[in-house]
Amino acid sequence: MERFTVLTGLVAPLDRANVDTDQIIPKQFLKSIKRTGFGPNLFDAWRYLDEGRPDKPDTDRPLNSDFVLNQPRYRGASILLARENFGCGSSREHAPWALAEYGFRALVAPSYADIFFNNCCKNGLLPVALAEGEVDRLFHEVAAFPGFRLTIDLEKQTVATPDGGEVGRFDIDPFRKYALLNGLDDIGLTLRHADKIRAFEERRRSEQPWLFG
Amino acid sequence: MIARTLYDRLWESHTVHVEEDGTTLLYIDRHLVHEVTSPQAFEGMKLARRKPWRIAANLAVADHNVPTNDRSRGIADPVSRLQVDTLDANCAEYGIVEFRMNDPRQGIVHVIGPEQGATLPGMTVVCGDSHTSTHGAFACLAFGIGTSEVEHVLSTQCLLAKKMKNMLVRLEGPLARGVTAKDAALAVIGRIGIAGGTGCTIEYAGGTVRALTMEGRMTLCNMSIEAGARAGLMAVDEVTIAYLKGRPFAPRGELWDRAVAHWRTLKSDPGAKFDHEVTIDARSIKPQVTWGTSPEMVVTVDERVPDPDREKDAIRRESMERALTYMGLRPNTPMTNIRIDKVFIGSCTNSRIEDLRAAAAIVRGRRLASNVRLAMVVPGSGLVKAQAEHEGLDRIFKDAGFEWREPGCSMCLGMNADRLDPGERCASTSNRNFEGRQGTGGRTHLVSPEMAAAAAIAGHFVDVRQWR
C-alpha cells in the first residue's frame, strides 16, 4: 500500500448526499479480474452522456459538461469534497480503486458508509470525516475560490489551507493511522500473530468440532 | 457478570488478539466466495507467495455474472465468462469447494449458504458482498468485506476490525395479511434512514421476529446494510434449529446434539445494554413501495409520491427533486397510479421458496397486464428452482406470462444480460433502487414478492391487502 503522510492538493466538490458505490463505479465495470483500469469509469453515468461498456474505449465518449469533475477548474484534483454517507451500498472495492486511479488521494465528508471507509484505508485513500458545518463551509470556499487547495496532515490529523489556516481536525484509529503512515500491508501485520491464530483455531476445533467438518 | 448482547458474545468468542487501540484480530469461521470480488484477492495472495489458511472454511459459487436463460452454451459475454472461469480455476487450484454454474446446488451465495447448512449459529461469516448480513438470521456475526479483506481472510483466516455499537430494533405484534418481512425491512429503513445503522450491528428482536420463518428472518437481516449496518442478527430459537436439521453441511448424530446445546445459548442476556434502541409496532406496518433512488425513499402503498416543497432541509429537498426527476415521477401522485414496464422477482432478499409460493398465490390463474413487457422469476438457487417446479409454481408463473429463469443475482444488479432499458420502470423484490442499479437509466421500485406479483397482473402498484 502507498504511504499517506501529508497531502496538499486541489479540491473538487461533489455536492450530493448518499453517493452510493453503484454511482462511483457502475456494475458493468466490475467484471474485470484486475485491480486497475477503473479510473476512466469513475462516476461513469454522471460523467459521460452515453452508456459505458467495459469492452468500449472511453477516449472518444461524449462528456457531460455539467458534471463537476468535467469542469476544467477541477482537473488534477486530488481531494474530493463530498456529503454525508458517502460510499453507501455495495462492498465493491472497485470504488476506492476507481477514485484512487482517477487521482484522488483523500476524501473529505461528514460521514462514510462503514465498508467503503474500510476499503479506502486498505488502499491508501484517506477518508477524512469533518463536522457537517466545516464541510459546508468548504463547499462555499471551493465554489468561491478557483484553485482552492487543502493540506491534509495525517500525523497531526488536521485539515488546513496551504497558508496554515486550520479548517478542522479529524479522528482516526491509531492502528489504521500507523498502517497508512508507513504504507504497511495488513496481512503482513496479521501474520506476526500466526502462532496465536493457530492456537485459537485448535482450541475452537476441540470445543466446537462441528465448525471444522 | 455484566449482561452481554449477542453481538458482544460473538465478538468476544472470536477475538484472537487485541491491539492497544482496540483493533481486534477476529477469527473467521466461514468465508463465502463469488466471482466478482475474489479474483484480485487470489491474485494478491499468489503474488505474495501465500496460500489459503484453512481451505475447508471457504465455499464458492458464481452468481453475479451467470446467465439466467439457456446455459447449455455457457456464458456469451467474454468478460463475464473470464471472471467465472477465473473463479473455477482458483477453486480448482486450491481445492476449495465450489458449486459450478451447472451444479444443481448453484445459486445466490446468500441463499446457498443457509440452504446447505454452511451457515451455522455462532459463526463469523464473511463474503465480499454487502448482503452477507443475511446470515445474521442464524445468530452469526455476518458482514460484507472488500477484496483486500477477502485476501486477508484467505491468507490468515482472520480480519482486523473495530467493534461496532449495539443497536436493538424491536418489532412487536403480528404482521397484517399481505404484509411481509420485506415490508418490515423497508419500514425499518424508512424509520431510521439509510445511515441510521452506520457504525452499528443491529439485533432484531421481539414477537414479530420470533413469529417469522427463517426465510423471513433472512429477508429482514439481508437489508440491514440498506439501513447502514454492516451486520444484522437474531437470537437462536427452535425455528432456527428446525431449519438447520439435516442440511448437508450441518453436524449430525452426537455432534448435532452438542451443537444444538451450544446454539441455544446464543442470545442476548436479559438486561443487556444497547447503545441505541428502536421499537416499531409491527401491526401498523403496511405494504411498502419505494418511490426514489435510495431505500429510505419509501412510502406505504396507500400514500402518494412525496412533495419536495414540504421538505425544509435544503440538501434533502435537493435529493428528493433529483430522485423525482430520475424516476420520472410527479409529487403527490398516488402510488397505485404508477404504471410499470417490468417485474423482477428474485435476489438474495426475496428468491427463496416461500417468496415464490407467495408470489405464485397472487398470480395463479391470471395473466400479466398488457403494459408489462417482461416479468421474470429468478429462483435463488437450483434447489429452490427444483422445489418450485416440484410444486408446480413454474407452471403458474409461465401460464401467467412470466419468464421462469435459472438461479443467480440477475436483474438485482444487472451484471449479466438481465437489465432495465433507460426509462423503464420496474417493480422489483431486490434491495437497492439506486440510479442505474438495474440498468443505466432504469427506474426501480422496491416491493415484496406479493406486491411485485400483484403489480405484474394489474400493470400498476396495488394494495395487496385488498387482493382477491
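Note that the structure is a prediction, hence the values are computed from the model and not measured. Lettering follows sequence order; numbering is per chain, from 1.
For B/Trp53, the part lying under 4.5 angstrom from a heavy atom of chain A is the side chain only. Heavy atoms of B/Ser38 lying under 4.5 Å from chain A are absent altogether. Interface remark: B/Met45 contributes no atoms to any contact with chain A (heavy atom separation under 4.5 Å). Proximity to chain A (any heavy atom under 4.5 Å) is restricted, for B/Arg54, to the side chain, taken from C-beta onward. For a residue to count as touching a neighbouring chain, one of its non-hydrogen atoms must lie under 4.5 Å from one of that chain's; by this rule A/Arg204 touches chain B with the side chain only. Only the side chain of B/Asp77 comes within contact range of chain A, with heavy atoms under 4.5 Å apart. If you measure heavy-atom distances from B/Leu255 to chain A, the contacts under 4.5 Å come from both the backbone and the side chain. Neither the backbone nor the side chain of B/Glu254 comes within less than 4.5 Å of any heavy atom in chain A. Using a 4.5 Å cut-off between heavy atoms, B/Ile194 touches chain A through backbone and side chain atoms alike. With a 4.5 angstrom heavy-atom cutoff, B/Thr147 touches chain A via backbone and side-chain atoms both. Using a 4.5 Å cut-off between heavy atoms, A/Ala194 touches chain B through backbone and side chain atoms alike. Residue B/Arg30: no heavy atom, backbone or side chain, is found under 4.5 Å from chain A. Contact annotation for A/Glu207: only backbone heavy atoms (N, CA, C, O) come within less than 4.5 Å of a heavy atom of chain B. With a threshold of 4.5 angstrom between heavy atoms, A/Asn85 approaches chain B through side-chain atoms but not through N, CA, C or O. Heavy atoms of A/Arg53 lying under 4.5 Å from chain B are absent altogether. Looking at A/Phe117, there are no atoms closer than 4.5 Å to chain B (heavy atoms on both sides), in backbone or side chain. Only the side chain of B/Glu296 comes within less than 4.5 Å of a heavy atom in chain A; its backbone stays farther off. A/Pro26 does not touch chain B: none of its heavy atoms, backbone or side chain, sits under 4.5 Å away.
Note: A/Tyr178 OH to B/Glu20 CD = 11.5 Å, rounded to the nearest 0.5 Å. The distance from the CD1 atom of A/Ile115 to the CZ atom of B/Phe143 is 9.0 Å, given to the nearest 0.5 Å. To the nearest 0.5 angstrom, B/Leu160 atom CG is 5.0 Å from A/Phe175 atom CZ. Interatomic distance, B/Glu19 CD to A/Leu189 CG, rounded to the nearest 0.5 Å: 8.0 Å. Here the OG atom belonging to A/Ser90 is positioned 10.5 Å from the CG atom belonging to B/Asn431, to the nearest 0.5 angstrom. Atoms CG and OG, from A/Leu30 and B/Ser80 in turn, are 10.5 Å apart once rounded to the nearest 0.5 Å.
Considering only heavy-atom pairs separated by less than 4.5 Å from chain A, the leading option among B/Glu43, B/Glu149, B/Arg252, B/Met123 is B/Glu149. Contact count against chain A (heavy-atom pairs under 4.5 Å) is highest for B/Gly146 among B/Ala250, B/Gly228, B/Gly146. If you tally non-hydrogen atom pairs under 4.5 Å between each of B/Val84, B/Ile225, B/Ile145 and chain A, the highest count goes to B/Ile145. When B/Thr440, B/Ile315, B/Thr37 are compared by the number of non-hydrogen pairs under 4.5 Å with chain A, B/Thr440 comes out ahead. Of the listed residues (B/Gly199, B/Ala161, B/Gly22, B/Ser319), the greatest number of heavy-atom pairs within a distance under 4.5 Å of chain A belongs to B/Gly199.
Inter-residue side-chain proximity for A/Trp210 and B/Phe249 is flagged as unmet; no heavy-atom pair is nearer than 4.5 Å. Side-chain atoms of B/Arg322 and A/Arg16, non-hydrogen and from C-beta on, do get closer than 4.5 Å to each other. Using a 4.5 Å heavy-atom threshold, the side chains of B/Leu25 and A/His193 count as touching. Counting only heavy atoms from C-beta outward, the side chains of A/Asn118 and B/Arg230 approach each other to under 4.5 Å.
Not one N or O on the side chain of B/Gln83 forms a donor-acceptor pair closer than 3.5 Å with the backbone of A/Ile33. Between the side chain of A/Gln23 and the backbone N or O of B/Glu435, at least one donor-acceptor pair lies under 3.5 Å. No donor-acceptor pair closer than 3.5 Å links the side chain of A/Lys31 to the backbone N or O of B/Asn416.
The aromatic rings of A/Phe200 and B/His14 sit tilted, their planes meeting at an angle between 30° and 60°.
Contact between A/Gly89 and B/Phe434 at its shortest, heavy atoms only, is CA-CE1, 3.8 Å. Residues B/Pro39 and A/Ser32 come closest through the heavy atom pair CG-O, 4.4 Å. Of all heavy-atom pairs spanning B/Arg258 and A/Pro209, the tightest one is NH2-CD, 3.6 Å.
Inspection of the B/Gln40 and A/Trp97 side chains reveals no N or O donor paired with an N or O acceptor under 3.5 Å.
Other residues, nucleotides and ligands contribute at most 12 non-hydrogen atoms within 6.0 Å of the CZ atom of A/Phe145. Applying the 6.0 Å contact sphere to CG of B/Asp313 captures more than 12 heavy atoms from other residues, nucleotides or ligands. Heavy-atom contacts from other residues, nucleotides or ligands closer than 6.0 Å to CZ of B/Arg317 number more than 12.
The residue from B/His152, B/His17, B/Gln157 that alone fulfils the side-chain hydrogen bond (donor to acceptor under 3.5 Å, both in side chains) condition with A/Thr190 is B/His152.
Looking at B/Glu151 and A/Arg35, a side-chain N of the basic residue comes within less than 4.0 Å of a carboxylate O on the acidic one, giving a salt bridge. For B/Arg437 and A/Asp22, the salt-bridge test passes: some basic side-chain N is under 4.0 Å from an acidic carboxylate O. Between B/Asp29 and A/Arg205 there is no salt bridge, since no side-chain nitrogen of the basic residue lies less than 4.0 Å from a carboxylate oxygen of the acidic one.
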For a salt bridge (charged side-chain N to carboxylate O under 4.0 Å, His left out) check, start with the C-alpha distance between B/Arg50 and A/Asp185, then their side-chain angles and the critical distance, and finish with the verdict.
CA-CA 13 Å; B/Arg50 293 175 182 133; A/Asp185 158 26; 3.4 Å; yes
Verify side chain to side chain donor-acceptor pair (under 3.5 Å) between A/Glu93 and B/Ser148, making sure each step is shown before the conclusion.
CA-CA 8 Å; A/Glu93 197 161 318; B/Ser148 293; 2.4 Å; yes
